[in-house]
Amino acid sequence: MREEIHMSLSGKVAAVTGAAQGIGKAIALRLAKDGADIILLDVKHDILLQTGKEIEALGRKTISLTADISNRDQFHATLAEGAKALGGLDIMVNNAGICQVRQVIDIQPDEFEKIFRINVDGTLWGIQGAAKLFKDKGTKGKIINACSIAGHDAFPLLGAYSATKFAVRALTQAAAKELASSGITVNAYCPGIVGTDMWVSIDKGMAEITGAEIGSTYKKYVDGIALGRVETGDDVAGFVSYLASSDADYMTGQSVMIDGGLVYR
Ligand SMILES: NC(=O)C1=CN([C@@H]2O[C@H](COP(=O)(O)OP(=O)(O)OC[C@H]3O[C@@H](n4cnc5c(N)ncnc54)[C@H](O)[C@@H]3O)[C@@H](O)[C@H]2O)C=CC1
Ligand SMILES: CC(=O)C(C)=O
């Protein structure tokens, strides 16, 4: 019975952006354990190859491709290359993203543009690239975007970041409404405080601005989680596995909290 559940994506191909580390790596490995072959995309090619090795060890096909999601042409061409190599595309996980820590009154034009180009434009190009590949083959595909609790509630010192995640939620809703008639669903996952490199840099950035000790901002946020522990990439990946499965066929346009009880909607 357990084996059946874990092979729910057998015969499917999934693409995951930001798959070199953190949440994206956990998602790629989980979807591979579910039976999918995986297109891995990231700017960090060397460590992406390690994710690829771990997926091959699970007996799945995989291809590791360097792509900057903020570059529309490059991203679309690379995604199409991956789909050609693995025989199609069924699931697109637009996971890659960056964070910045800054008071709203101090945000500079170049950094604001950069975070929007990666988190918002990159998600939009991923939706477009996947929708084209799905429509070309009549695939009733699934698009799954990385939002955040900060996409529902803006966080202090994370103003630009929060704005990008509100935008991801809006794109998720609009794309879901437009693509439903093609049988394509679009949803998003909203993690809370996940113990990845992103939070190491958020904690450091917050310490620089507030004078807090290194580690103390992270601890303060983790202490607020009802389930009493930091979130792992596997916690997020388990939910993405559901969103990628046929169990989620009747769900679209949703950006759902998976945060251990921190932001309630
Ligand atoms: N860590 C956390 O607490 C939370 C993270 N998230 C979101 O989850 C997603 C993954 O976050 P983490 O794994 O924590 O971050 P991370 O910083 O550990 O990993 C992000 C990955 O994305 C890649 N990446 C960054 N810019 C890229 C670009 N332009 N093109 C291609 N790849 C690029 C990086 O190379 C890296 O491998 C992000 O969208 C983030 O906003 C959401 C809520 C909470
Ligand atoms: C990184 C992130 O999304 C939060 C809310 O911590």
Side-chain angles (χ1 to χ4, degrees), residues 15-29 39-52 64-72 74-76 78-79 82 93-101 113-126 129 144-169 171-172 188-206 217-218 220-222 224-225 230-237 239-240 255-260 262-263:
V16 184
T17 67
Q21 64 183 50
I23 295 170
K25 180 174 181 178
I27 291 169
L29 287 167
I39 301 163
L40 300 167
L41 301 155
D42 207 293
V43 282
K44 296 181 181 169
H45 192 69
D46 289 353
I47 56 170
L48 189 64
L49 292 175
Q50 180 55 36
T51 309
S64 300
L65 298 169
T66 307
D68 175 355
I69 59 163
S70 70
N71 180 330
R72 185 178 190 251
Q74 185 196 87
F75 185 10
H76 284 178
T78 313
L79 184 63
V93 185
N94 290 305
N95 168 79
I98 63 164
C99 196
Q100 289 168 357
V101 184
E113 189 184 328
K114 180 179 178 191
I115 197 167
F116 266 80
R117 278 178 56 85
I118 295 175
N119 292 8
V120 183
D121 301 20
T123 301
L124 175 57
W125 310 148
I144 304 168
N145 300 324
C147 188
S148 166
I149 51 172
H152 289 266
D153 237 2
F155 281 61
L157 302 183
L158 299 181
Y161 176 80
S162 301
T164 67
K165 294 301 181 179
F166 271 64
V168 167
R169 190 153 64 89
L171 286 172
T172 300
Y189 50 97
C190 300
I193 313 299
V194 190
T196 65
D197 282 3
M198 183 173 279
W199 249 101
V200 174
S201 69
I202 294 172
D203 179 74
K204 184 166 172 282
M206 291 201 176
T217 311
Y218 178 64
K220 183 185 85 182
Y221 276 105
V222 172
I225 299 172
V230 70
E231 184 166 4
T232 66
D234 287 343
D235 292 321
V236 184
F239 181 54
V240 173
S255 295
V256 180
M257 241 62 81
I258 168 77
D259 68 351
L262 192 55
V263 168

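Indexing begins at 1, ligand by ligand and atom by atom, following the structure's order. These numbers come from the heavy atoms of this one structure, side chains and all, not from hydrogens, waters or symmetry mates.
Under a 4.0 Å criterion applied to the non-hydrogen atoms of Ser148, ligand 2 contributes the atoms 2 (C), 3 (O), 5 (C). Short contacts between ligand 1 and Trp199, defined as distances under 4.0 Å to a heavy atom of the residue, involve ligand atoms 2 (C), 3 (O). Against a heavy-atom cut-off of under 4.0 Å, Ala20 is close to the following atoms of ligand 1: 37 (O). Counting atoms of ligand 2 from 1 in the listed order, those under 4.0 Å from a heavy atom of Met198 are 1 (C). Under a 4.0 Å criterion applied to the non-hydrogen atoms of Lys44, ligand 1 contributes the atoms 35 (O). Interface of Cys147 with ligand 1, defined as ligand atoms under 4.0 Å from a residue heavy atom, comprises 42 (C). Distances below 4.0 Å separate heavy atoms of Gly22 from the following atoms of ligand 1: 13 (O). Interface of Gly192 with ligand 1, defined as ligand atoms under 4.0 Å from a residue heavy atom, comprises 3 (O), 43 (C), 44 (C). Short contacts between ligand 2 and Ile149, defined as distances under 4.0 Å to a heavy atom of the residue, involve ligand atoms 5 (C).
Counting heavy atoms from C-beta on, the side chains of Ile98 and Ile115 come closer than 4.5 Å. Side-chain contact between Ile39 and Leu65 is present, with heavy atoms from C-beta onward closer than 4.5 Å. Counting only heavy atoms from C-beta outward, the side chains of Asn95 and Ile23 approach each other to under 4.5 Å. A 4.5 Å side-chain heavy-atom check between Val101 and Leu158 finds at least one atom pair inside the cut-off. By the 4.5 Å heavy-atom criterion applied to side chains, Tyr161 and Met198 are counted as neighbours. Residues Tyr189 and Ile27 are in side-chain contact: their nearest non-hydrogen atoms beyond the backbone lie under 4.5 Å apart. Contact annotation: the side chain of Ile225 never approaches that of Glu231 to less than 4.5 Å [non-hydrogen atoms, C-beta and beyond].
Contacts between Cys190 and ligand 1 below 4.0 angstrom, taking non-hydrogen atoms only, are absent altogether. If you look at Ala150 next to ligand 1, there are no close heavy atoms at all, none under 4.0 Å. Neither the backbone nor the side chain of Val194 comes within 4.0 Å of ligand 2, counting heavy atoms alone. When non-hydrogen atoms are compared, ligand 2 lies under 4.0 Å from the side chain of Tyr161 (C-beta onward) but not from its backbone. Contacts between Ala146 and ligand 1 below 4.0 angstrom, taking non-hydrogen atoms only, involve the side chain exclusively. Proximity of Lys165 to ligand 2, defined as any heavy-atom pair under 4.0 Å, is not found for any part of the residue. By the criterion of a heavy-atom distance under 4.0 Å, the side chain of Lys165, and not its backbone, is placed next to ligand 1. Under 4.0 angstrom from ligand 1, the non-hydrogen atoms of Thr196 all belong to its side chain. Contact annotation: for Ile193 versus ligand 2, heavy atoms closer than 4.0 Å belong to the side chain alone.
At a 3.5 angstrom cut-off on N or O pairs, Leu41 does not count as close to ligand 1.
Annotation: atom 24 (N) of ligand 1 to nearest protein heavy atom, Ala96 CB, 3.9 Å. Annotation: atom 22 (O) of ligand 1 to nearest protein heavy atom, Gly18 CA, 3.4 Å. What sits closest to atom 6 (N) of ligand 1 on the protein, heavy atoms only, is Tyr161 OH, 3.6 Å. The single protein non-hydrogen atom nearest to atom 13 (O) of ligand 1 is Ile23 N, 2.9 Å, given as residue, atom name and distance. Summary of contacts: the protein heavy atom closest to atom 35 (O) of ligand 1 is Asp42 OD1, 2.6 Å. Protein heavy atom in closest approach to atom 18 (O) of ligand 1: Gln21 NE2, 2.9 Å. Of all protein heavy atoms, the one lying nearest to atom 29 (N) of ligand 1 is Asp68 OD1, 2.9 Å. At the top of the distance list for atom 4 (C) of ligand 2, counting protein heavy atoms only, stands Gly192 O, 3.7 Å. The nearest protein atom to atom 6 (O) of ligand 2, hydrogens excluded, is given as Trp199 NE1, 2.7 Å; this is a heavy-atom distance. Among protein heavy atoms, atom 10 (C) of ligand 1 sits closest to Asn95 OD1, 3.5 Å.
At a 4.0 Å cut-off, at least one heavy atom of Ala67 sits close enough to ligand 1 to count as contact. Contact annotation: Ser162 has no heavy atom less than 4.0 Å from any atom of ligand 2. Proximity of Val43 to ligand 1 is established by a heavy-atom distance of less than 4.0 Å. Proximity of Gly195 to ligand 1 is not established, as no heavy-atom distance is less than 4.0 Å. Under a 4.0 angstrom heavy-atom cut-off, Ile202 registers as being in contact with ligand 2.
Between the side chain of His152 and the backbone N or O of Ser255 there is at least one donor-acceptor pair closer than 3.5 Å. Listed for the Asp203 side chain is no donor-acceptor partner under 3.5 Å among the backbone atoms of Val200. A donor-acceptor pair under 3.5 Å is formed between the side chain of Asp42 and the backbone N or O of Ala20. Panel note: side chain Ser148, backbone Lys165; no donor-acceptor pair is recorded below 3.5 Å.
Surrounding CD of Glu113 are at most 12 heavy atoms belonging to other residues, nucleotides or ligands under 6.0 Å away.
Side chain to side chain, Thr123 and Asn145 fail the donor-acceptor criterion of an N or O pair below 3.5 Å.
Ala163 pairs by the side-chain contact (heavy atoms from CB on, under 4.5 Å) definition with Phe116, not counting sequence neighbours.
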How far apart are the C-alpha atoms of Thr217 and Ile202, what are their side-chain angles, what is the distance that settles it, and do they pass the side chain to side chain contact (heavy atoms under 4.5 Å, CB included) test?
CA-CA 9 Å; Thr217 311; Ile202 294 172; 5.9 Å; no

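Val16 and Gly24 get closest at one heavy-atom pair: CG1-O, 3.6 Å. The two residues Ala19 and Leu40 have their closest heavy-atom pair at CB-CD2, 3.6 Å.
Each of Trp199, Tyr221, Tyr218 was compared with Val230 under the side chain to side chain contact (heavy atoms under 4.5 Å, CB included) criterion, and only Tyr218 meets it.
Judged by the 6.0 Å distance and 45° axis criteria, Arg72 is not positioned over the aromatic ring of Phe75.
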